[in-house]
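Remember, it's 1-based here, ligands and their atoms both numbered in the order they're listed. Quantities reported herein were computed from a predicted structural model and do not represent experimental measurements.
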Amino acid sequence: MSASFSCNAFKPGNNPDNLHFIRQEKSQWRDHTDYTFTPDEKAEATILFGGLTLLQDKLIASALHSLGERYVAIPNPDFESFRLGKAFGNRGQCNPTYFNVGNLIKHLQTLQKEKGLSSEEIIKKYLFVTAGGCGPCRFGMYITEYRKALRDAGFEGFRIMSFEHNKGIFQALGDQSAINFSPTFFITLAKAVIIGDIINLLGYKMRPYELEKGATDKAIEQCREIISKAFIHKKNLIKAMYKCRKVLKTVALNRLRPKPKVMIIGEFWAAMTEGDGNYNLHRFLEEEGAECIPQPLINRLMLSIWEAEFTLNQTLDIEKPGQKKIDFSNLKNKLLVNAAKVALKTHFTLYSKAIGLYDFTLPDIQKLADLSKAYYPIESSGGEGHMEVAHLIESAKENLAHLVISVKPFGCMPSSCVSDGIQSLVAGRFPSANFLAIETSGEGAANFYSRVQMALFKAKQAAKEEFESLDMPAFIPPKVHCYLYQPKTGKAGSAANIVQSIAPKRL
Ligand code: SF4
């Protein structure tokens with residue numbers, strides 16, 4: 001329980017910069033968790049959520065709409081969200097907390113201004129759903145932080161509901177009665193997340209090579225409409241993905257331009273967000289002539305499942321008092337974990353084949369754990385666990401990228417010790433790795449961009465040399481410019497991979 005101040009004199013609409021002028025009474029901060037959400041309230045309520053990629057947020061809203069749920073995605077966090085997060089949040093939080101907590105406050109203040117709603121009306125008509133969790137990092141305190149900041153911003157009593165990311169569909173939430181956290185809810189949510197991941201991955205593969213600027217984004221928007229309609233009208237999603245394939249095929253590409261491939265790893269949210277939270281890193285890299293390899297959300301889901309299985313296996317040998325010979329609860333948990341793994345993999349494979357994503361394989365988390373365990377204690381969860389270390393080793397060993405950037409949010413405990421500590425050792429042992437750990441403080445854009453540009457210069461040279469070392473065949477089959485052509489030849493760059501795949505075989 002953290003100590004803070006109760007701002008009794010503060011009223012919504014006051015300038016947060018003036019907070020310290022307001023007379024404050026010291027009191028013990030207590031987090032109330034007894035909020036209710038009854039079926040009657042639900043009929044009138046709008047459920048807010050957000051924080052994933054722009055495409056995923058929109059697809060989730062449509063997917064949940066198909067279940068009769070009124071979910072609205074709030075816009076992506078920006079620097080104003082960050083400022084509000086800092087103004088109303090506790091000191092010493094990590095950067096994603098400030099961005100996300102401030103973003104909710106910003107959205108509620110916008111509702112006040114644009115819809116003329118009072119704080120009381122907002123508290124009554126809206127609530128926010130987010131993932132919560134436990135563990136050694138600040139993720140375990142997110143919910144409390146939301147409530148504290150909302151109270152100080154004049155929205156005391158605003159309901160924050162959560163599901164735990166590491167319990168998923170297996171949790172029981174008896175006290176949040178009108179919130180639909182049923183298996184169907186989570187399965188629908190997972191489908192939207194997976195489809196969003198697949199389309200995003202294809203977007204990153206295509207955008208750097210498009211002949212007409214903006215053509216890929218336009219095609220992706222059409223795909224979003226197709227998938228959203230399929231969700232809303234409960235149509236076959238595999239067929240919808242196949243329709244998207246036809247849309248993407250219309251984007252004209254020149255895929256023989258050598259471009260540095262940049263793998264983006266790091267803390268989950270900071271590496272994934274598409275906005276000020278990481279200074280728009282992905283778009284910046286693309287404008288600077290790079291191709292990004294993003295971390296899809298499914299990697300994080302696979303890690304959560306692996307962690308659940310790992311913990312389960314660790315506890316199997318511990319004898320509990322009065323334990324029966326066959327412990328059916330353990331057996332049931334194992335079956336559930338396996339079912340979740342199979343379901344994710346199956347859906348991912350079916351949707352990616354339908355739209356034409358062939359060269360992305362889901363991470364084998366155990367293989368990554370084996371790769372990293374000489375450097376990172378794999379029992380230690382929190383943040384991305386062993387994944388950051390493993391991605392860098394895998395990239396160096398398998399020549400997956402010309403540059404690996406680890407996005408390390410300011411104030412992040414797990415990512416700081418991995419990026420600044422362990423990764424220095426890994427980079428030392430794998431000298432071929434071009435690695436950059438970069439901090440997102442929300443306040444140092446110029447420094448951030450200049451460090452990325454310096455690392456990118458080396459990556460560009462490497463991509464050019466790799467490409468120029470190959471013999472260009474006299475005939476280039478037109479199929480190579482279609483995104484569906486995805487050879488794997490061991491080269492890091494996409495253009496080099498293509499040339500290598502069509503080069504006459506030397507005897
Ligand atoms: S992993 Fe780091 S940035 Fe993410 S919630 Fe935990 S402390 Fe914050």
F158 and Y126: aromatic ring centres closer than 6.0 Å? no
Heavy-atom count check: over 12 atoms from other residues, nucleotides or ligands less than 6.0 Å from F457 CZ? no
Identify, by atom number and element, the atoms of ligand 1 in contact range of P409, meaning under 4.0 Å from any of its heavy atoms. 3 (S)
Is the distance between the ring centroids of F186 and F181 less than 6.0 Å? yes
Find all atoms of ligand 1 within a distance of less than 4.0 Å from any non-hydrogen atom belonging to G383, and give their numbers and elements. 1 (S)
Heavy atom of S415 under 4.0 Å from ligand 1? no
Of all protein heavy atoms, the one nearest atom 2 (Fe) of ligand 1 is C412 SG, 2.3 Å
Around atom 6 (Fe) of ligand 1, find the nearest protein heavy atom and jot down its residue, atom name and distance. C137 SG, 2.4 Å
Against heavy atoms of P96, which atoms of ligand 1 measure under 4.0 Å? 3 (S)
Considering only the protein, which heavy-atom contact is closest to atom 4 (Fe) of ligand 1, and what is its distance? E267 OE2, 2.4 Å
Under 4.0 Å between a side-chain nitrogen and a carboxylate oxygen: does that hold for E291 and K460? no
Nearest 0.5 angstrom please: T216 OG1 to E286 CD, how far? 8.5 Å
At a non-hydrogen distance cut-off of under 4.0 Å, which region of C94 contacts ligand 1 (side chain, backbone, both, or neither)? side chain
To which protein heavy atom is atom 5 (S) of ligand 1 closest, and what is the distance rounded to 0.1 Å? F139 N, 3.7 Å
Taking only Lys NZ, Arg NE, NH1 and NH2, and the carboxylate oxygens of Asp or Glu, determine whether E394 and K367 approach each other closer than 4.0 Å. yes
Ring centroid separation for H65 and F231, is it under 6.0 angstrom? no
